[in-house]
Colleague: 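Here it is, the structure, as structure tokens.
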Amino acid sequence: MSKNLIQKQKMNIQDTKAFKELNEISQRLVLKRVNRTTIEDQIIIARNIGIETWLKSNPLQARWQSIVIEIIKTEKPEFT
């Protein structure tokens with residue numbers, strides 16, 4: 001994965017209202033590479049199976065779920 005793409009995804013997470021509502025320690029935890037990768041993977045899964053189905057079976061804590069949902073709902077469709 002290119003450095004620009006990694007930086008862009010990190011900025012997407014930081015731009016969410018859900019991220020901004022986390023306390024400072026939680027924000028630092030979200031931005032650690034392993035946790036950021038987990039969130040990014042869950043974004044891909046939720047896109048593929050749909051948010052409703054994803055919510056029934058995902059392993060993320062509620063605060064991180066809200067980041068995934070917000071990113072997906074604010075994305076521009078790639079094909080219009």
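What you see is a predicted model; the values in this text were computed from it and never measured.
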Colleague: Just verifying a value: how many Å separate Ile71 CD1 and Arg47 CZ, rounded to the nearest 0.5 Å?
Modeller: 8.5 Å

Colleague: For the atom pair CZ (Arg33) and CD (Glu40), what is the distance rounded to the nearest 0.5 Å?
Modeller: 8.5 Å

Colleague: Assess whether atom CD of Glu24 is packed by more than 12 heavy atoms of other residues, nucleotides or ligands within 6.0 Å.
Modeller: no

Colleague: Roughly how far, to the nearest 0.5 Å, is CG of Leu22 from CZ of Arg28?
Modeller: 12.5 Å

Colleague: Give, for atom CD of Gln14 and atom CG of Leu31, the distance between the pair rounded to the nearest 0.5 Å.
Modeller: 5.0 Å

Colleague: Looking at side-chain heavy atoms only, is the closest gap between Ile39 and Gln42 below 4.5 Å?
Modeller: no

Colleague: Determine, using the 4.5 Å side-chain heavy-atom cutoff (strictly less than), whether Ile49 and Ile43 are members of one ILVMFWY cluster.
Modeller: yes

Colleague: Assess whether side chain to side chain contact (heavy atoms under 4.5 Å, CB included) is satisfied between Val30 and Arg63, documenting all intermediate values.
Modeller: CA-CA 10 Å; Val30 165; Arg63 290 179 285 184; over 6 Å; no

Colleague: Does one side chain, of Asn35 or Thr38, offer a donor that lies under 3.5 Å from an acceptor on the other?
Modeller: no

Colleague: Which residues end up grouped with Leu29 if you chain together Ile, Leu, Val, Met, Phe, Trp and Tyr wherever their side-chain heavy atoms are less than 4.5 Å apart?
Modeller: Ile25

Colleague: According to a hydrophobic-cluster definition based on side-chain heavy atoms being under 4.5 Å apart (Ile, Leu, Val, Met, Phe, Trp, Tyr only), do Ile67 and Ile44 belong together?
Modeller: no

Colleague: To the nearest 0.5 Å, tell me how far Glu70 CD sits from Thr16 OG1.
Modeller: 4.5 Å

Colleague: How many angstroms lie between OG in Ser26 and CZ in Phe19, if you round to the nearest 0.5 Å?
Modeller: 9.5 Å

Colleague: Contact between Glu21 and Ser66 at the side-chain level, heavy atoms closer than 4.5 Å - yes or no?
Modeller: no

Colleague: Tell me, do Asp15 and Thr74 make a side-chain contact under 4.5 Å, heavy atoms counted?
Modeller: no

Colleague: With a 4.5 Å limit on heavy-atom distance, are the side chains of Ile69 and Trp54 in contact?
Modeller: yes

Colleague: Heavy-atom distance under 4.5 Å between the side chains of Asn58 and Gln65, does that happen here?
Modeller: yes

